[in-house]
Chemist: 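Before I ask anything, let me first share the structure, which is written out below as structure tokens.
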There are 2 protein chains.
Amino acid sequence: MPVSTEWLLHCATTLAQLDPGTTASAAQLAQYYDLPAAYLAKQLQALVRSGALAATTGPRGGFRLARPASEITLLDIVEAVDGAASPYECREIRQQGRGALSPEECRNTCVLAEKMADAHEAWRRSLAATSLADVLATLPPSAPERTRRRMAGAT
Amino acid sequence: MPVSTEWLLHCATTLAQLDPGTTASAAQLAQYYDLPAAYLAKQLQALVRSGALAATTGPRGGFRLARPASEITLLDIVEAVDGAASPYECREIRQQGRGALSPEECRNTCVLAEKMADAHEAWRRSLAATSLADVLATLPPSAPERTRRRMAGAT
DNA sequence: GATATTGCGGATCTTTTTAGTCCGAGATAG
DNA sequence: CTATCTCGGACTAAAAAGATCCGCAATATC
């Protein structure tokens, strides 16, 4: 899992603390967390494509949440960056070699692939259970204003 | 996640169907699933190191389960191949850059890292809930004997 | 209307991981 | 005791992913 996953989780949390209608540019966010600006910008695009963020170009442009923070889950962000595919891929080796099963016996999906898919679903459910609003609720009440203040002064 | 994960899940399931005390060599298993023998042997070693399999060298040697099938979970196998580390790694970027939090504010772990760890734990729990014995229980009753028969004739 | 600023996408380079091969150490059977 | 069969770990290519850079389109400001 790339390091940019952490970057975007934090950036989305930061954007969720801005006043509605306010945007933050990629350069601002990069400076806020001391990250390589070019690469961060590229990853932010993935979140725009996924529909979690919205972007406006031109001067005073930047990124903002595309939906209320309560409707953006950690899963939305993680899958936008890392892809939604399961890491385990069943290649049906049970149908190959000396021990090959007949096609008829393979009508139902492989038990092992099924269990791996179950685990992946458990992982997804866990991440989908937390929204950005939930994350903000755990921060001290003074956090949003400080974030806005520190963000405003950046380039 | 490497393709060898699938290989070893299936190989372990196969070994679980052998009579106690019987071993299967890497060459036999490779032939059984039509896999590159040398590379499979390398991956089987990881399972030996993790303690899930036991190996005996010399003529008539090979691999066998190191414990009863009911005490080997899918998680044991997956983590032996793919490593036990969580794919998400918190690098504490909240302490860097313009928005850096004070060390005192970082006494408790980052909320995002916590949620990601929770998801990983959910994934592990799901895999740990299934043992090789559970997998065998889903197969038709005739499966183990056929597996032994087809395995016996191999090189 | 010109200019500067910002996001967007493609092409490129580097690094890491994966896939695969090979030869040596050790143990068993005869 | 010897020959053969097995695992064991080191070594080498290949592919994928990470990370970076540059030019293009769009928009608000002056």
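Labels below follow one simple rule: chain letters A, B, ... track the order of the sequence lines, proteins then strands, and each chain is numbered from 1.
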Chemist: Does any N or O donor sit under 3.5 Å from an N or O acceptor when you compare the side chain of A:Gln45 with the base of C:dG7?
Modeler: no
Chemist: Does A:Arg49 put a side-chain nitrogen or oxygen below 4.0 Å from OP1 or OP2 of C:dC8?
Modeler: no
Chemist: Near DNA chain C, which residues from residues 10-21 of chain B have a heavy atom under 4.0 Å away?
Modeler: none
Chemist: Who are the side-chain contact (heavy atoms from CB on, under 4.5 Å) partners of B:Thr5, not counting sequence neighbours?
Modeler: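 In terms of side-chain contact (heavy atoms from CB on, under 4.5 Å), with neighbours along the sequence ignored, B:Thr5 is linked to A:Tyr88, B:Met1, B:Pro2, B:Leu9, B:Val78, B:Val81.
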Chemist: Would you please name every residue forming a salt bridge (charged side-chain N to carboxylate O under 4.0 Å, His left out) with B:Arg94, sequence neighbours left out?
Modeler: B:Glu92
Chemist: Partners of A:Pro59 by side-chain contact (heavy atoms from CB on, under 4.5 Å), sequence neighbours excluded?
Modeler: none
Chemist: Sequence neighbours excluded, which residues qualify as side-chain contact (heavy atoms from CB on, under 4.5 Å) partners of B:Asp34?
Modeler: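 B:Asp34 satisfies side-chain contact (heavy atoms from CB on, under 4.5 Å) with A:Gln96 only.
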Chemist: Rounded to the nearest angstrom, tell me the gap between atom CZ in A:Arg64 and atom P in D:dT27.
Modeler: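 Atom CZ in A:Arg64 sits about 13 Å away from atom P in D:dT27.
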Chemist: Any idea which heavy atoms bring B:Arg150 and A:Gly99 closest together, and the distance?
Modeler: NH1-C, 3.3 Å
Chemist: Side-chain donor-acceptor contacts of residues 14-23 of chain B below 3.5 Å, not counting sequence neighbours, with atom names and distances?
Modeler:
| residue | atom | partner | partner atom | Å |
| --- | --- | --- | --- | --- |
| B:Thr14 | OG1 | B:His10 | O | 2.9 |
| B:Thr14 | OG1 | B:Tyr33 | OH | 2.6 |
| B:Gln17 | OE1 | B:Thr147 | OG1 | 2.4 |
| B:Thr22 | OG1 | B:Asp19 | O | 3.0 |
| B:Thr23 | OG1 | B:Arg60 | O | 3.4 |
| B:Thr23 | OG1 | B:Gly61 | O | 3.3 |

Chemist: Expressed as a whole number of angstroms, how long is the span from B:Asp34:CG to C:dG20:C1'?
Modeler: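 Checked: the CG to C1' distance equals 15 Å.
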Chemist: Whole-Å distance between D:dG8 P and B:Leu44 CG?
Modeler: 9 Å
Chemist: Work out which heavy atom in A:Ala24 is nearest to a heavy atom in A:Met151; give both atom names and the distance.
Modeler: CB-SD, 4.3 Å
Chemist: Please classify the nucleic acid contact of A:Ala41 as base, sugar-phosphate, or nothing, using heavy-atom distances under 4.0 Å.
Modeler: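 Contact class for A:Ala41: none.
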Chemist: By the ring pair (Phe, Tyr, Trp, His ring centres under 6.0 Å) test, which pairs, at least two apart or in different chains, include something from residues 94-129 of chain A?
Modeler: A:His120-A:Trp123
Chemist: Please write out each protein N/O paired with an N/O of nucleotides 2-5 of chain C under 3.5 Å, distance rounded to 0.1 Å.
Modeler:
none

Chemist: With the sugar-phosphate defined as primed atoms, P, OP1 and OP2, and the base as all remaining atoms, what B/S/- string results for nucleotides 13-21 of chain D, 5' to 3', for protein heavy atoms under 4.0 Å?
Modeler: -----SBB-
Chemist: Could you list the residues that satisfy salt bridge (charged side-chain N to carboxylate O under 4.0 Å, His left out) with A:Asp82, not counting sequence neighbours?
Modeler: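 Here no residue qualifies.
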Chemist: Just to verify, what does B:Pro36 make a side-chain contact (heavy atoms from CB on, under 4.5 Å) with, not counting sequence neighbours?
Modeler: B:Trp7, B:Tyr39
Chemist: Which atom pairs, one a donor and one an acceptor, fall under 3.5 Å between side chains of residues 137-145 of chain B and the rest of the protein, sequence neighbours left out?
Modeler:
| residue | atom | partner | partner atom | Å |
| --- | --- | --- | --- | --- |
| B:Thr138 | OG1 | B:Val135 | O | 2.7 |
| B:Glu145 | OE2 | B:Arg149 | NH1 | 3.2 |

Chemist: Starting at CG of A:Leu29 and ending at P of C:dT6, how long is that distance when rounded to a whole Å?
Modeler: 12 Å
